[in-house]
Amino acid sequence: MAHVTGLRCRECGRDFEIAPIFTCEWCFGPLEVSYDYDAISESVSRESIERGPSSIWRYADLLPADRGASVDLGAGFTPLVRADRLAAELGLGEVWVKNDTLNPTGSFKDRVVAVALSKALEFGFKTASCASTGNLANSVAAHAAHAGLRSFVFIPADLETGKVVTTAVYGGTLVAVKGNYDDVNRLCAELASTYEWAFVNVNIRPYYAEGSKTLAYETVEQLGWEYPDHVVVPIASGSQFTKIRKGFDELHNVGLTDEAPAVRMSGAQAEGCSPVAVAFRDDSDTIKPVKPSTIAKSLAIGNPADGYFALDAAHQTGGVIESVTDDEIVEGIRLLARTEGIFGETAAGVTVGTLAKLAAAGVVRPDERVVIYVTGHGLKTIEAVASHVGPTAEIEPTLEAFDAELSPDE
Ligand SMILES: *Cc1c(COP(=O)(O)O)cnc(C)c1O
Ligand SMILES: [Zn+2]
């Protein structure tokens with residue numbers, strides 16, 4: 001049962017009824033779901049959550065879908081992996097990897113889409129839609145297929161083959177738009193006022209965004225109901241980043257943690273699309289839109305909707321927002337794979353590369369309990385590493401050929 005009280009404007013604080021709306025009609029600020037935290041405190045306990053399903057729906061009381069998991073492919077409750085070998089390479093102490101590559105369509109987007117489409121069904125929509133940098137496209141197409149909804153998915157035409165194929169296979173309508181994500185998003189804003197569709201990241205965005213809070217809930221539950229000291233989170237629109245913070249706060253608000261959170265929130269961007277990191281570096285509170293040019297296409301949003309709020313969260317919690325080059329992204333992917341056996345996509349390379357940079361600078365410290373969010377599977381962006389790795393040797397099928405070419409010690 002949801003304990004939602006309504007929608008609230010994040011700028012002016014005015015309240016609105018639950019509906020498929022996303023901006024304040026007074027100040028055009030973004031709307032956010034608000035809850036009755038006293039009611040939630042009464043209805044949840046650590047035990048009730050631990051008895052729940054192994055998915056985001058174990059936290060249904062803290063999510064905005066009234067009928068719970070109406071659209072469910074099993075998103076969430078992914079492993080939190082202790083990463084001692086990665087920590088040792090970087091000179092850190094306690095590092096954990098939240099392995100969100102293991103979601104149904106291989107990225108964290110399954111969390112937000114499961115919530116968005118569950119809400120869309122409640123509103124009576126028959127068609128799901130989105131503007132996507134790739135992973136959202138995969139997830140909307142899959143969840144729509146599962147729920148029997150029509151889907152119209154819009155992507156930039158230059159996306160990785162892996163992401164195009166893994167969207168198209170679900171059989172919805174996939175539209176490749178000749179432009180970058182910000183062009184696609186602008187088109188979708190127009191379409192959203194013409195067609196009565198559930199655009200998960202336009203008119204359903206307030207509900208969609210809440211799904212990211214489950215990353216914070218799971219992290220704390222998996223750490224034995226304790227908070228990390230420092231997290232590193234990739235930033236595209238900045239939504240995930242701000243909602244992880246909201247999730248940490250809510251757990252304390254509803255009495256599930258003993259201590260109040262003191263989690264430093266650090267953000268990771270690709271240098272070729274780093275409007276939030278640049279604003280942080282320049283100590284400015286205006287985000288200047290950029291034209292993206294990076295291999296981290298899933299994070300290539302040049303005009304991030306939640307950029308300002310992400311910046312604010314980093315400042316308020318003593319975190320930083322940093323960026324890494326395309327070479328550092330590839331190194332980051334390979335470092336995580338080599339040390340921990342986890343193959344992440346380019347967004348993971350951004351996060352691991354940023355962790356390495358912040359560790360070297362002493363910003364992420366060896367005395368901190370650190371969690372990094374690895375948000376997408378490496379098989380989706382094979383081309384990022386394809387020219388860097390391959391067979392160690394190619395040999396004839398004989399023992400002599402093997403020994404001659406490789407001669408290992410034992
Ligand atoms: C969408 C996405 C993110 C972050 O998205 P926000 O827009 O900042 O919420 C991070 N990693 C991956 C792999 C993504 O697809
Ligand atoms: Zn307002």
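Reckoned from all heavy atoms, side chains included, excluding hydrogens, waters and symmetry mates. Whatever order the structure lists them in is the order used to number ligands and atoms, beginning at 1. In what follows, residues are counted from 1 in the order of the sequence shown. Since the structure is predicted, the reported quantities are computational estimates derived from the model, not experimental observations.
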Pairs under 3.5 Å, N/O atoms on ligand 1 and on the protein: can you put them in a table with the distances?
residue, atom, partner, partner atom, Å
ligand 1, 7 (O), S237, N, 2.8
ligand 1, 7 (O), S237, OG, 2.6
ligand 1, 8 (O), A236, N, 2.9
ligand 1, 8 (O), S237, N, 3.1
ligand 1, 8 (O), G238, N, 2.9
ligand 1, 9 (O), Q240, N, 2.8
ligand 1, 11 (N), T375, OG1, 2.6
ligand 1, 15 (O), K109, NZ, 2.8
ligand 1, 15 (O), N135, ND2, 2.8

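- Residues T294 and D326 have side chains that bring a donor and an acceptor to within less than 3.5 angstrom of each other.
- Side-chain contact annotation: Y227 with E259, donor-acceptor N/O pair under 3.5 Å absent.
- S34 places a side-chain N or O within donor-acceptor distance of the main-chain N or O of G6, the cut-off being under 3.5 Å.
- Under a 3.5 Å cut-off, the side chain of N180 and the backbone N or O of D182 do form a donor-acceptor pair.
- Protein atoms that are N, O or S and lie under 2.8 Å from the Zn ion (ligand 2) are these: C9 SG, C12 SG, C24 SG, C27 SG.
- Taking the six-membered ring where tryptophan is involved, the planes of W197 and Y195 are essentially parallel, since the angle between them stays under 30° and well short of 60°.
- With N103 contributing its side chain and G76 its backbone, the two residues share a donor-acceptor pair below 3.5 Å.
- Between T286 and S284, the side chains place a donor N or O and an acceptor N or O closer than 3.5 Å (distance only, hydrogens not considered).
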Would T375 and D100 count as a side-chain hydrogen bond (donor to acceptor under 3.5 Å, both in side chains) here? Give the steps.
CA-CA 5 Å; T375 49; D100 248 24; over 6 Å; no
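- Classified by interplanar angle (parallel below 30°, tilted 30° to 60°, perpendicular above 60°), the ring pair Y59/Y217 is tilted.
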